[in-house]
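Worth saying up front: this structure is predicted, and the values here are computed from it rather than measured. By convention here, the first residue in the shown sequence is residue 1.
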Amino acid sequence: MATEPDPTTDAPRRTRAQAREEAINAILDIATAEFVEKGLAGARIDEIAGKATKRKIYYYFGGKDELYRAVLERAYRRVRASEAEVDIDSGTAAEALRRLVEHDVRYHSQHPDLVRLVMNENIHRAEHLKQIEGLQSNNRRVIDLLAAILKRGEAEGVFRAGIDPVDLHMNMTALAFYNVSNQFTFAHNFGVDMTSDAAIEKRAGQVADILLAWVRP
């Protein structure tokens, strides 16, 4: 008779690389919350280390600026990776663009830390962003996605020619950002909850409608 597996002995053991990745991500999670709440200037390694381990922070990252850049890099890479998962191949170009736009609105609303990190980095005039090797080319991935959709839309005769994918990305991101960056002031001024699932879905559809109207002939 086969014996039941013993989870204490038969559970797969983590490799050293997996343990390292888990430790790094745990530190980045804590640091993200600290940098989002207090910015780079206000964040303190001791505060982060109170919930992690200072020795590990310095071992993996070197210092506060390096840790901040790692947080920023992970946030950017995650949004680009999420966009790469969107189906832009099936259906029409208009349907593909709607899926990507609605995804971005949802993603920004569900990941407010990204918006606040980007806002903070703009205060620093992208000083730290410029020091992250390879991130600029990684961020171009969304431009390539949009360029492919626009090219297809032109061929289908549903999009006007000559639209710059960077302009499209700027408009898409600006409209996705607003739901997060202005949610508290807008709610106070107009009594609108911008954080509910229903509000996010409504906003996603509206932004897609706006941008589709803009790209059409």
Worked check of side-chain contact (heavy atoms from CB on, under 4.5 Å) between V207 and R203
CA-CA 6 Å; V207 173; R203 182 63 177 164; 3.8 Å; yes

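- Through chains of ILVMFWY side-chain contacts below 4.5 Å, F190 is grouped with Y178, F186, V192, M194.
- With hydrogens and angles ignored, the 3.5 Å screen pairs a side-chain donor or acceptor of K64 with a backbone N or O of L40.
- Rounding to the nearest 0.5 Å gives a distance of 5.5 Å between CG of L97 and CG of L168.
- The closest side-chain donor-acceptor pair between D87 and S90 falls under 3.5 angstrom.
- Annotation: E156, atom CD; neighbour count of heavy atoms from other residues, nucleotides and ligands within 6.0 Å is above 12.
- Using modelled atom types, one side-chain atom of H108 and one backbone atom of D104 make a donor-acceptor pair closer than 3.5 Å.
- Between F35 and L28, every side-chain heavy-atom pair lies at or beyond the 4.5 Å cut-off.
- Under the 3.5 Å distance criterion, the side-chain polar atoms of E73 are left unmatched by any main-chain donor or acceptor of L135.
- Between the side chains of N122 and R125, no donor-acceptor pair of N or O atoms lies under 3.5 Å.
- In terms of modelled atom types and a separation under 3.5 Å, the side chain of Q183 and the main chain of N179 share a donor-acceptor contact.
- Between the CD1 atom of I27 and the CD1 atom of I48 there is a distance of 9.5 Å, given to the nearest 0.5 Å.
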Please step through side-chain contact (heavy atoms from CB on, under 4.5 Å) for the pair N182 and F177, ending with a clear verdict.
CA-CA 8 Å; N182 291 54; F177 243 63; over 6 Å; no

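- Here the closest heavy-atom approach between residue H103 and residue S82 is recorded as NE2-OG, 2.9 Å.
- A donor-acceptor pair is defined here as one N or O able to donate and one able to accept, closer than 3.5 Å; such a pair exists between the side chain of N189 and the backbone of T185.
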Verify salt bridge (charged side-chain N to carboxylate O under 4.0 Å, His left out) between R106 and E201, making sure each step is shown before the conclusion.
CA-CA 7 Å; R106 293 188 192 105; E201 285 305 304; 2.7 Å; yes

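- Within 6.0 Å of CD in E22 there are more than 12 heavy atoms belonging to other residues, nucleotides or ligands.
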Give the C-alpha distance, both sets of side-chain angles, the deciding distance and a yes or no for side-chain contact (heavy atoms from CB on, under 4.5 Å) between V79 and Y107.
CA-CA 8 Å; V79 66; Y107 189 93; 3.6 Å; yes

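- For the atom pair CG (N138) and CZ (R140), the distance works out to 12.0 Å, reported to the nearest 0.5 Å.
- Separation of atoms CH2 (W214) and CE (M172) is listed at 11.0 Å; rounding is to 0.5 Å.
- Remark: side-chain polar atoms of Q18 are paired, donor with acceptor, to backbone N or O of T15 under 3.5 angstrom.
- A salt bridge does not link E154 with R160: none of the charged nitrogens is closer than 4.0 Å to a carboxylate oxygen.
- With hydrogens and angles ignored, the 3.5 Å screen pairs no side-chain donor or acceptor of T173 with any backbone N or O of M170.
- More than 12 heavy atoms of other residues, nucleotides or ligands lie within 6.0 Å of CZ in R77, so this atom counts as buried by the packing criterion.
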Take R20 and Y60 through the test side-chain contact (heavy atoms from CB on, under 4.5 Å) and record every step on the way to the result.
CA-CA 9 Å; R20 179 181 185 277; Y60 288 123; 3.6 Å; yes

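- Atom CG of D197 has 12 or fewer neighbouring heavy atoms from other residues, nucleotides or ligands inside a 6.0 Å radius.
- Residues D113 and R74 are not paired through a salt bridge, judged by the lack of any N-O separation under 4.0 Å between the basic side chain and the carboxylate.
- For the pair V101 and L212, the minimum side-chain heavy-atom distance is 4.5 Å or more.
- Atom NZ of K38 has more than 12 heavy atoms from other residues, nucleotides or ligands within 6.0 Å.
- The line from NE2 of H169 to CG of L211 is 12.0 Å long, rounded to the nearest 0.5 Å.
- Clustering ILVMFWY residues whenever any of their side-chain heavy atoms sit less than 4.5 angstrom apart, transitively, puts V36 in the very cluster that holds L114.
- Taking CG of L117 as the start and CG of L129 as the end, the distance is 11.0 Å to the nearest 0.5 Å.
- Between Y68 and H128, the angle of the ring planes goes over 60°, which puts this pair in the perpendicular group of the 30/60° scheme.
- E34 contributes no side-chain N or O that, together with a main-chain N or O of E47, makes up a donor-acceptor pair within less than 3.5 Å.
- Using a 4.0 Å cut-off between a side-chain N of Lys or Arg and a carboxylate O of Asp or Glu, R80 and E83 qualify as a salt bridge.
- Residues I143 and I132 are members of separate hydrophobic clusters, defined by side-chain heavy-atom contacts under 4.5 angstrom among Ile, Leu, Val, Met, Phe, Trp and Tyr.
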